[in-house]
Amino acid sequence: MKHPIVIAGGGLAGLSLAIALRTRGVDVTLHEAGIYPRHRVCGEFISGVTNETLDTLGIAKALMNATPLSSAVWNDHRGRVCEIQVSGRGISRWILDDTLQRQFTSLGGKITTQSRILPSSGTIWAAGRPRRSGPWIGLKCHATKLSLTHDLEMHLASNGYLGLAKIEEDKVNICALFKKPTPAGAKGTSLLTAMLRESGLNETADRLNAATLHESTFCGVAGFQTGRQPSFGFSIGDATHMIPPLTGNGMSMAFESAEIALPHALNYARGDCSWDAAAASCTSQLDTRFRTRMIASAGIHHFLTAPATSRVATTLARTRLLPINPLLHLLR
Ligand SMILES: Cc1cc2nc3c(=O)[nH]c(=O)nc-3n(C[C@H](O)[C@H](O)[C@H](O)COP(=O)(O)OP(=O)(O)OC[C@H]3O[C@@H](n4cnc5c(N)ncnc54)[C@H](O)[C@@H]3O)c2cc1C
């Protein structure tokens, strides 16, 4: 290969593209600002990605032991809204990211951790959601001794939502997205339960209090906006299109964007096109692939979370007037 490739960001988009390029003989160096393994704010529910995408990227094995998830329920402060059939997998980012980085290094790829680099020509930008002021705060932790009614529970609150998903070893991933501000004085997992109480989900907060919440797995994130992100040249994953977390499709999009980027990055590595041409054709293909999903998800997210419309949404869903399956289809 004529040109080596540098990737900034060793999350799902960066690692899966790095593995796919390395498998095809490209010299790849990846810079990751953090370390492995580590907990990340994520619902840890993967849905939408096809086996073909995983095979093209060469990462199907990393998801082999993920927990299959098929039943889901949507609740609000009044109880059950409706049940939904889903097709997904649950796996912690602690395991998934670490498995992928090991696969990459076993293929001869080079990773430098605790290395935060700047965007530049010749670097594929897979550095995740850019920091932008936004109204949301994301919180997550793992729990044991928490039994779920379904593989996945979604709890819609007055100022956000909470997802409970089965992951490996009988653990449950708890992940919430709430509107700021946060209650004063509360920290760690008690911040999570305090926010649930503040948003009217007292029964769910009681269930979490009765379970074992693992403080060492707690993490939080703020300062982001969903939607199309300001571009840094050749970008993939959340760095370019961040879909609202409620859809459970962000990780799939990270993989899909790596799959879309692969032929463009290979063309550049072989010397068949310039960096700018590879970046431009990849960006245009990503925009085309994700346009419908991004527009639909922004509308659905607003409809479900804005106080004025979320009551309408739950009433329609309770009376089976909300076309859930067609809406889910728009998000994949
Ligand atoms: C609250 C919440 C819940 C979610 N729930 C789900 C869910 O249930 N299902 C789902 O599919 N998706 C979910 N998502 C979305 C999902 O987590 C993301 O879409 C996915 O992680 C995007 O992968 P990525 O590789 O693009 O970015 P990331 O996974 O964020 O990886 C980016 C990496 O780049 C590194 N980095 C940053 N800056 C630099 C730099 N300058 N130099 C080097 N490295 C850098 C970071 O440390 C990070 O490791 C959720 C997101 C949030 C916020």
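Keep in mind the model is a prediction, meaning the values are calculated, not measured. Indexing begins at 1, ligand by ligand and atom by atom, following the structure's order.
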Counting heavy atoms only, which of [options] comes nearest to [atom]?
atom: atom 51 (C) of ligand 1; options: Pro245, Ala176, Gly48; result: Pro245
atom: atom 39 (C) of ligand 1; options: Ala127, Ser257, Ser47; result: Ala127
atom: atom 46 (C) of ligand 1; options: Glu32, Lys140, Met253; result: Glu32
atom: atom 7 (C) of ligand 1; options: Trp136, Phe232, Phe45; result: Phe45
atom: atom 48 (C) of ligand 1; options: Arg40, His241, Arg93; result: Arg40
atom: atom 13 (C) of ligand 1; options: Ser115, Cys42, Ala33; result: Cys42

What are the atoms of ligand 1, with element, lying closer than 4.0 Å to any heavy atom of [X]?
X: Gly128; value: 27 (O), 30 (O), 32 (C)
X: Trp125; value: 41 (N)
X: Ala13; value: 25 (O), 26 (O)
X: Arg129; value: 53 (C)
X: Gly237; value: 26 (O)
X: Ala254; value: 23 (O)

Here the gap from Arg197 atom CZ to Thr204 atom OG1, rounded to the nearest 0.5 Å, amounts to 9.5 Å
To the nearest 0.5 Å, atom CG of Leu12 lies from atom CG of Leu17 at 12.5 Å
Can I get a per-line list of side-chain donor-acceptor pairs under 3.5 Å for residues 295-308, giving both atom names and the distance, sequence neighbours left out?
| unit_1 | atom_1 | unit_2 | atom_2 | d |
| --- | --- | --- | --- | --- |
| Ser297 | OG | Arg293 | O | 2.8 |
| Ser297 | OG | Met294 | O | 3.1 |
| His301 | NE2 | Tyr161 | OH | 3.3 |
| Thr305 | OG1 | His301 | O | 2.7 |

Paired with Glu153, the salt bridge (Lys or Arg N to Asp or Glu O under 4.0 Å) test is passed by just one of Arg207, Lys166, Arg80, namely Arg207
* **Min N/O separation Arg38 to ligand 1 under 3.5 Å** => yes
Just distances here: any N/O of Met251 and N/O of ligand 1 closer than 3.5 Å? yes
- Is there a path from Met253 to Leu327 through hydrophobic residues (I, L, V, M, F, W, Y) whose side chains come within less than 4.5 Å of each other? no
